[in-house]
Amino acid sequence: MESTLNFQLLDVSYEIVNNTPIINLWGRDLNNKKVLLIDTTFRPYFYLLLDKDSNSEKIKQEILSRSKTKSPIINIEEVNMSYIGRPAKAIKVTTTIPESVREYRETLSSIEGVKDALEADIRFSFRYTLDKNLYPMRWYKVNVKPLEKKTNYRVDEMYEINGEITEDENRVNVNPLDGLKIMAFDIEVYNPQRTPDPSKDPIILISIKFNDNNDTILLEAKGHDDSEIIHKFIELIRKEDPDIIIGYNQNKFDWPYLIERSKLYKIKLDVGRKVDSVPNPSVFGHYSIQGRLNVDLYDFAEELQEIKVKSLDEVADYLGVKPKDKRVNIDWWLIAQYWDDIEKRNTLKQYSIDDVESTLGLAYKFLPFGAQLSIISGLPMDQVVAASVAFRLEARLMREAKKKSELMPNRIERNIESYTGAVVLKPEPGIHENVAVLDFASMYPSIMVKYNVGPDTLLKDGDACKVRNKAPEVNHEFCADNPAFMRLVLERFLKWRSEIKKAMKLYKEGSSEYNLLNERQKAIKVLANASYGYLGWGAARWYCRSCAEAITAWGRDLISQSINFAKSIGLKVYYGDTDSIFVDNNKEKIEQVINWITKVLEFDIKIDKIYKRVFFTEAKKRYAGLLEDGKIDIVGFEAVRGDWSELAKEVQSNIAELILKTGNPKKAIEYVKAVIEDLKNGKIVLDKLIIWKTLTKEIEQYEAETPHAYAAKLMEKYGYKVTAGSKIGFVIIKGSGSISKKARPYFMVKESDIDTNYYIDKQIIPSALRILSYFGITEKDLKVGSKQPSLFDFLDSS
DNA sequence: ATCTATCGGGG
DNA sequence: GTGTACGATAGAT
């Protein structure tokens with residue numbers, strides 16, 4: 001009855017049955033049947049690192065004597081591996097129950113002669129994919145034995161794994177998403193108190209859309225009763241059986257809310273492919289659903305550097321998925337009103353439909369990249385998108401370590417000490433015409449490869465080594481006798497990426513083959529570029545402060561030398577930051593600089609962009625420029641956040657629009673002055689002055705007197721209920737004392753009480769200057785009356 | 001200058 | 001589930 005099965009791995013989990021762990025591999029076969037493969041043979045293990053001169057026989061006896069019956073130690077084996085690049089003596093300890101590893105880690109590491117317990121902090125299901133070299137989203141082949149279908153799994157077929165799992169070489173370049181069923185969903189909740197409370201405020205709408213059906217499904221509550229739509233939602237997921245469930249910020253809102261509501265009705269949110277399993281909060285604040293990938297698209301949006309406000313409507317607008325002016329927009333605090341007003345209810349329904357359509361549209365943009373991140377890093381797609389770049393790289397490093405029989409260091413918490421960073425030149429303030437920006441290609445990874453940087457090659461006093469690379473300034477030395485672990489990984493990435501780029505040339509730009517490879521090379525680049533930051537990340541297993549310090553020192557040296565060379569041949573340098581230099585756009589001299597850097601320094605540098613005009617203030621890392629195609633580039637711009645007044649947010653978005661559309665900062669100044677006048681004349685409605693801030697703990701627990709805590713205390717005094725999680729809306733009123741003491745709940749205040757100076761100085765002006773300072777505009781220019789001749793006319797292109 | 005609290009996305 | 005982010009900023013002290 002044995003046969004070979006080709007399957008695509010989607011997710012991995014495990015369960016304990018009869019006191020033994022069973023690995024569950026969730027996937028689909030070539031006929032798109034949903035399959036569950038089980039492996040009953042895998043057991044948890046970890047290593048004990050021994051002192052060099054320890055008596056391993058004695059230690060082995062000690063280990064066995066500490067075996068517990070509820071999860072016995074079933075094997076111990078002395079192994080010769082390496083640790084941080086040096087030979088290491090270790091004992092591999094295998095037990096039965098994954099949860100017991102934590103306990104054994106403690107009890108066994110106290111044995112004399114045992115230096116440390118290693119690899120005891122790796123999640124069991126991840127350990128499986130690590131050891132079997134499995135990458136979610138890839139296709140595999142394996143010998144299997146069909147199992148009689150169990151009733152407690154919602155899959156088409158179940159198999160028991162019987163043999164080695166190998167990659168299906170014929171399906172390396174197929175689109176991993178082809179044929180997978182995707183479900184987008186979004187909930188709207190009733191929020192009469194503005195901050196919705198899941199213990200009393202119902203879910204009023206659930207909108208759902210699948211990738212294989214054009215119709216949008218809208219589940220509507222009966223008045224204020226949402227029990228029926230929750231049931232319908234669960235039934236729908238089970239009936240349609242999506243492989244991927246997507247939402248926008250559903251990990252922080254929709255799932256927790258749905259879970260609270262269903263608890264209230266004692267409904268089991270049984271939406272996974274394992275019967276009776278509910279969405280489970282897991283690593284990175286992510287919810288895992290058995291057998292399905294729950295992907296939060298907000299995680300992708302976070303990585304968009306080009307836009308600052310990452311709300312669903314903004315992101316969908318920016319990416320051309322759904323223009324803002326072609327959809328219904330409703331302020332969040334008005335949702336309850338729209339629901340209660342039967343005439344407005346249809347507008348709210350359309351709003352919900354627009355949201356879910358945007359969400360599915362974004363999935364088409366983002367998931368191809370997410371799938372490749374899984375293919376490269378080895379983390380399931382729902383986890384990899386939620387993880388930080390350093391964590392993604394680490395997942396891959398762990399696989400590489402496993403292949404090399406290198407013991408993995410533990411994840412520990414460190415207080416990281418800061419070190420000198422990159423060179424950032426003081427920009428030459430003012431307007432400069434025709435400026436070219438030269439960029440080093442992957443500067444930090446290149447430094448790591450060239451100088452063989454890594455924790456394993458870092459030399460300590462007295463270490464023997466023939467060829468040494470010494471970093472300038474900091475003087476850390478790295479041995480070049482053998483390749484560093486990090487270098488091997490990076491070189492593999494570089495080679496892989498250049499092969500992909502070569503293969504891409506065989507296809508038409510925009511074709512599905514081309515796009516797939518393009519997403520893959522992007523995923524590799526993301527991991528490679530995380531390498532420097534990884535070494536300086538406090539939680540990194542291969543943390544190496546000296547490495548990070550040396551890398552930036554080499555980087556500073558590199559850029560200073562380049563700048564000096566440019567100056568020596570008479571090329572004007574305006575500014576430099578980390579891995580880029582801004583120079584006069586003199587083609588001939590730039591070519592000389594590029595040649596010199598390539599030949600003498602042996603690094604790659606290229607022209608990244610050319611500004612027709614660029615404007616610098618004294619501030620580093622913040623400038624505005626006019627590109628050759630007429631676009632305005634504002635670099636380093638920080639948007640005001642949600643804890644600013646509506647007025648401040650409105651001022652900023654209007655200024656951004658004025659500048660990007662008219663290209664004239666003078667118009668923006670007039671606008672700001674007009675707003676200030678309006679405020680002084682009481683023409684701004686109070687609603688726009690409210691500042692919303694969340695209480696993160698109970699009011700008594702606040703030690704510091706913050707404005708929102710002060711306002712919350714006042715609310716409590718007047719009989720309102722405030723708890724952790726409440727959003728407090730306050731305004732600042734006239735008077736003396738600290739700002740906190742002048743904070744009042746917005747509904748207890750008249751417009752005439754408002755401290756207009758606070759709003760001018762702390763809200764309108766700072767918010768406006770976040771953009772206008774790039775154009776040389778100062779606070780003085782914005783105060784009514786002052787007439788400053790314009791430094792900033794430079795964008796009035798003639 | 002240092003410490004404490006909060007934001008983000010969602011509704 | 002062998003486990004829980006991060007970098008920036010305002011206001012108080």
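All values below come from the heavy atoms of this structure, side chains included, with hydrogens, waters and symmetry mates left out. Chain letters run A, B, ... following the sequence lines, proteins first, then strands; residues in each count from 1.
- Protein atom CG of A/Leu393 is 18 Å distant from nucleotide atom P of C/dA5, rounded to whole Å.
- At a threshold of 4.0 angstrom between heavy atoms, the contacts of A/Tyr758 are confined to the sugar-phosphate backbone, with no base atom among them.
- Among the protein residues, A/Asp186 comes within range of the sugar-phosphate backbone only, with heavy atoms under 4.0 Å from sugar or phosphate atoms but none that close to a base.
- Rounded to whole Å, the distance from CD on A/Gln250 to P on B/dG8 is 18 Å.
- In this structure, A/Lys322 pairs ionically with A/Asp354, as a charged nitrogen and a carboxylate oxygen lie closer than 4.0 Å.
- Nearest to the side chain of A/Ser740, among B/dG9, B/dG11, C/dG11, sits C/dG11.
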Run the salt bridge (Lys or Arg N to Asp or Glu O under 4.0 Å) test on A/Asp313 and A/Arg327 for me, step by step, so that the C-alpha distance in whole Å, both residues' side-chain angles and the decisive distance to 0.1 Å come before the verdict. CA-CA 9 Å; A/Asp313 56 335; A/Arg327 59 156 298 161; 5.8 Å; no
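- Of the C1' atoms belonging to C/dG7 and B/dG11, the separation is 26 Å, rounded to the nearest Å.
- By the 4.0 Å N-to-carboxylate-O rule, A/Lys263 lies close enough to A/Glu260 to be salt-bridged with it.
- Using a 4.0 Å heavy-atom distance criterion, A/Tyr351 is classed as a sugar-phosphate-only contact.
- A/Asn251 pairs with exactly one of A/Asn294, A/Asp299, A/Asp382 by the side-chain hydrogen bond (donor to acceptor under 3.5 Å, both in side chains) rule, that one being A/Asn294.
- Checking B/dG11, C/dG11, B/dG9 against every side-chain atom of A/Lys762, the shortest atom distance belongs to C/dG11.
- Rounded to whole angstrom, the span from the CG atom of A/Asp331 across to the P atom of B/dG10 amounts to 12 Å.
- Within 4.0 Å (heavy atoms only), A/Asp643 reaches sugar-phosphate atoms of the nucleic acid but no base atom.
- When distances are taken from the side chain of A/Ser311 to each of B/dG10, C/dA10, C/dT4, the shortest belongs to B/dG10.
- Looking at heavy-atom distances under 4.0 Å, A/Ser13 makes no contact with the nucleic acid at all.
- If you check every strand for non-hydrogen atoms under 4.0 Å, A/His708 touches sugar and phosphate atoms only.
- Separation of the C1' atoms belonging to C/dA5 and B/dC7 is 13 Å when rounded to the nearest angstrom.
- Listed candidates were C/dA10, B/dG9, B/dG10. Nearest to the side chain of A/Tyr298 is B/dG9.
- A ring-centre distance under 6.0 Å is not found for A/Tyr351 and A/Trp332.
- A/Thr694 comes within 4.0 angstrom of the backbone, heavy atoms only, and of no base.
- Geometrically, A/Arg345 engages A/Trp339 in a cation-pi contact defined by less than 6.0 Å to the ring centre and at most 45° from the axis.
- Side-chain N or O atoms of A/Tyr759 include one that pairs as donor or acceptor with a backbone N or O of A/Ile732 at under 3.5 Å.
- Proximity note for A/Lys693 (side chain, C-beta onward) versus B/dG9, B/dC7, C/dC6: the nearest is B/dC7.
- Comparing B/dG11, C/dC6, B/dG10 against the side chain of A/Trp537 picks out C/dC6 as the nearest.
- Cation-pi contact between A/Lys274 and A/Tyr153: absent, since separation from the ring centre below 6.0 Å together with deviation from the ring axis within 45° is not met.
- By the 5.5 angstrom centroid cut-off and the 30-degree plane limit, A/Phe253 is classified as not stacked against the base of B/dG10.
- Counting any heavy atom pair closer than 4.0 Å across all strands shown, A/Glu119 reaches a base atom.
- Distance check on atom P: C/dA8 versus B/dG10 gives 22 Å, rounded to whole Å.
- Rounded to a whole Å, the CD atom of A/Glu303 is 14 Å from the P atom of C/dC6.
- Side chain of A/Val189, nearest nucleotide from B/dG11, B/dG10, B/dC7: B/dG11.
- A/Asp355 comes within 4.0 angstrom of sugar-phosphate atoms only, judged by non-hydrogen atoms across all strands, and of no base.
- Computed from coordinates, the A/Phe730 CZ to B/dA5 P distance equals 15 Å when rounded to whole Å.
- Atoms CD (A/Glu314) and C1' (B/dG8) sit 14 Å apart, rounded to a whole Å.
- Taking side-chain N and O atoms only, A/Thr706 has no distance below 4.0 Å to OP1 or OP2 of B/dA5.
- Note on A/Tyr248: only backbone sugar-phosphate atoms sit closer than 4.0 angstrom, heavy atoms only; bases stay farther off.
- Contact annotation for A/Glu99: base contact, defined as any heavy-atom pair under 4.0 Å involving a base atom.
- Contact annotation for A/Lys727: base contact, defined as any heavy-atom pair under 4.0 Å involving a base atom.
- The side chain of A/Lys252 sits closest to B/dG9 out of C/dA12, B/dG9, C/dA10.
- Here A/Ile122 lies in heavy-atom contact (under 4.0 Å) with a base.
- Protein atom CG of A/Leu769 is 12 Å distant from nucleotide atom P of C/dA10, rounded to whole Å.
- Taking atom OH of residue A/Tyr338 and atom C1' of nucleotide B/dG11, one finds them 15 Å apart after rounding to whole Å.
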